[in-house]
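Please read the structure below before turning to the comments.
For the numbers below, each heavy atom of this structure counts, side chains included, while hydrogens, waters and symmetry mates do not. Nothing here was measured: the structure is a model prediction, and the numbers come from that model.
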Amino acid sequence: MKKTLIVCADIFPPYQYRLNDGTDIGIDYDAVTGTLRKAGYDVDFRIGLWDEVSALFESGEADAMFQVQDTPERLEKYFLSDKLRDAVTEVVTVDPALTEMKSYGELSEIRLGVIAGFANGEEIDSLPVACKCPYDDTAALLKALDAGEIDAAVCDHGVRCFVSEDSDRFMAIEALTYKRPLFVMFHDRDLRDEFNAAFA
């Protein structure tokens, strides 16, 4: 085996999460760690809140971070893999009247829940900061939406269905649903190329 890589990601079930017994599992976890093992590496996986794992990667302590978007800033500083998968992002609400929204600009007039420090794409990220209410994770977003603290929330469809026992209560604003390509991010170009070759 080659060296052990430190690989990190945020807690985002069903894509990557930790069971009560300490076992790491998930769709993206399996794809990324399996690909790196196929390329000949051992993997030391670290999972936590977005701010924690992004700081781990940015400090250089972690070799790779996955389930990230290709923002201009990241493309300038790091090396991104071929596309891991597309994420389906929804803006959900419990207010039937809001499901009629047709443009992202309308979101600036309501209280919009977002995950703190998370990039959601230009349409959401460019909205005024004043309309956004940050929360730690999707479960917290949905709880705040249920409690009336916010009017709508930006969620990954798969995560929402996984963490909510009553996911049908939350209605997607269909006109605002979009796909985001996700990648694995590396500090080292050669490591990225090895990953791509094994992933293909």
**Report entry** Those residues that, when tested against D136, pass salt bridge (charged side-chain N to carboxylate O under 4.0 Å, His left out) (two or more places apart)
**Finding:** none

Report task. May I ask you to decide if A31's main-chain N or O and T35's side chain share a donor-acceptor pair within less than 3.5 Å? Result -> yes

Query raised in the report: Does one hydrophobic cluster hold both L176 and V159, with members joined at side-chain heavy-atom distances below 4.5 Å?
Result: no

Query raised in the report: Are E76 and E73 close enough that some pair of their side-chain heavy atoms sits under 4.5 Å apart?
Result: no

Report task. Taking all heavy atoms of K38 and all of A198, pick out the closest pair and write down the distance. Result -> NZ-O, 3.2 Å

Report task. Quick one: list whatever passes salt bridge (charged side-chain N to carboxylate O under 4.0 Å, His left out) with D28, sequence neighbours left out. Result -> R85

Requested in this report: Could you tell me if the ring centre of Y15 sits under 6.0 Å from that of Y29?
Outcome: no

Report task. State the CZ-CD distance between R74 and E58, to the nearest 0.5 angstrom. Result -> 8.0 Å

Query raised in the report: Are L112 and V92 in one and the same hydrophobic cluster, where Ile, Leu, Val, Met, Phe, Trp and Tyr link if side-chain heavy atoms are under 4.5 Å apart?
Result: no

Requested in this report: With sequence neighbours left out, write down each residue that passes ring pair (Phe, Tyr, Trp, His ring centres under 6.0 Å) with H187, or none if nothing qualifies.
Outcome: F57, Y78

Query raised in the report: For L56, does its backbone N or O pair with a side-chain atom of S59 as donor and acceptor, under 3.5 Å?
Result: yes

Query raised in the report: Hey, is CG on N20 packed in by over 12 heavy atoms from elsewhere, all under 6.0 Å?
Result: no

Report task. Is it possible for you to say whether F170 and I115 belong to one hydrophobic cluster, with membership spreading through side-chain heavy-atom contacts below 4.5 Å? Result -> yes

Report summary line: Heavy atoms of L127 and G105 approach each other most closely as CD2-CA, 4.4 Å

**Report entry** Test salt bridge (charged side-chain N to carboxylate O under 4.0 Å, His left out) applied to R192 - qualifying residues, sequence neighbours left out
**Finding:** none

**Report entry** Any residue meeting side chain to side chain contact (heavy atoms under 4.5 Å, CB included) with P72, in chain and number order, not counting sequence neighbours
**Finding:** none

Query raised in the report: Side-chain heavy atoms under 4.5 angstrom apart, residues restricted to Ile, Leu, Val, Met, Phe, Trp, Tyr: same cluster for I11 and I6?
Result: no

Query raised in the report: What residues form a side chain to side chain contact (heavy atoms under 4.5 Å, CB included) with D95, not counting sequence neighbours?
Result: T93, A97, L98

Query raised in the report: Would a 4.5 Å heavy-atom cut-off, applied to side chains only, mark K179 and T89 as touching?
Result: no

Requested in this report: Specify the closest pair of heavy atoms between R111 and C133, including all atoms of both residues, with the distance to one decimal.
Outcome: CB-SG, 4.3 Å

Query raised in the report: How long is the gap from CZ on F199 to OG on S81, to the nearest 0.5 Å?
Result: 7.0 Å

Requested in this report: May I ask whether V88 and I27 are part of the same hydrophobic cluster, defined by side-chain heavy atoms of I, L, V, M, F, W, Y residues being less than 4.5 angstrom apart, directly or through others?
Outcome: no

Report summary line: ring pair (Phe, Tyr, Trp, His ring centres under 6.0 Å) filter on F118, not counting sequence neighbours, yields F12, W50

Report task. Can you sort out the partners of A64 under side chain to side chain contact (heavy atoms under 4.5 Å, CB included), two or more places apart, ordered by chain and number? Result -> V7, V184, F186

Query raised in the report: Considering residues at least two apart in sequence or located in another chain, which fulfil the ring pair (Phe, Tyr, Trp, His ring centres under 6.0 Å) criterion with F162?
Result: Y17

Query raised in the report: Mind checking whether I110 and I150 have side chains closer than 4.5 Å, heavy atoms only?
Result: no

Query raised in the report: Which value, rounded to the nearest 0.5 Å, describes the distance between E106 atom CD and C131 atom SG?
Result: 12.5 Å

Report task. Rounded to the nearest 0.5 Å, what's the gap from CE on M101 to CG on L107? Could you check? Result -> 5.0 Å

Query - Inter- and intrachain pairs under salt bridge (Lys or Arg N to Asp or Glu O under 4.0 Å), touching residues 43-53, at least two apart - result: D44-R46, R46-E61

Requested in this report: Drop me the distance from D10's CG to S54's OG, to the nearest 0.5 angstrom.
Outcome: 8.5 Å

Query raised in the report: Between V53 and M65, is any pair of side-chain heavy atoms under 4.5 Å apart?
Result: yes

Query raised in the report: Atom NZ in K83, atom CG in D70: separation rounded to 0.5 Å?
Result: 10.5 Å

Query raised in the report: Taking NZ, NE, NH1 and NH2 as the nitrogens, is one of them in D146 or R169 under 4.0 Å from a carboxylate oxygen of the other?
Result: yes

Report summary line: With sequence neighbours left out, the residues meeting salt bridge (charged side-chain N to carboxylate O under 4.0 Å, His left out) with E149 are none

Query - Check: N196 side chain, D82 main-chain N or O, donor-acceptor pair, under 3.5 Å - result: yes

Requested in this report: Could you pull out the closest heavy-atom pair between R160 and C155, with the gap in Å?
Outcome: CB-CB, 4.3 Å

Requested in this report: Using the salt bridge (Lys or Arg N to Asp or Glu O under 4.0 Å) rule, collect all pairs that involve residues 115-127, keeping only residues at least two apart or in two chains.
Outcome: none

Query raised in the report: So, do L75 and L80 sit near enough that their side-chain heavy atoms are less than 4.5 Å apart?
Result: yes

Requested in this report: Evaluate the side-chain proximity of V163 to L142: yes if any heavy-atom separation is below 4.5 Å, no if none is.
Outcome: yes

Report task. Decide yes or no for L5 and D42: does some side-chain heavy atom of the first lie under 4.5 Å from some side-chain heavy atom of the second? Result -> no

**Report entry** F195 to V32 - nearest heavy-atom pair and separation
**Finding:** CE1-O, 4.0 Å

Requested in this report: For Y41 and D63, test the side chains for any donor-to-acceptor distance below 3.5 angstrom and give the result as yes or no.
Outcome: no

**Report entry** Check: D156 and R180 side chains under 4.5 Å, non-hydrogen atoms
**Finding:** yes

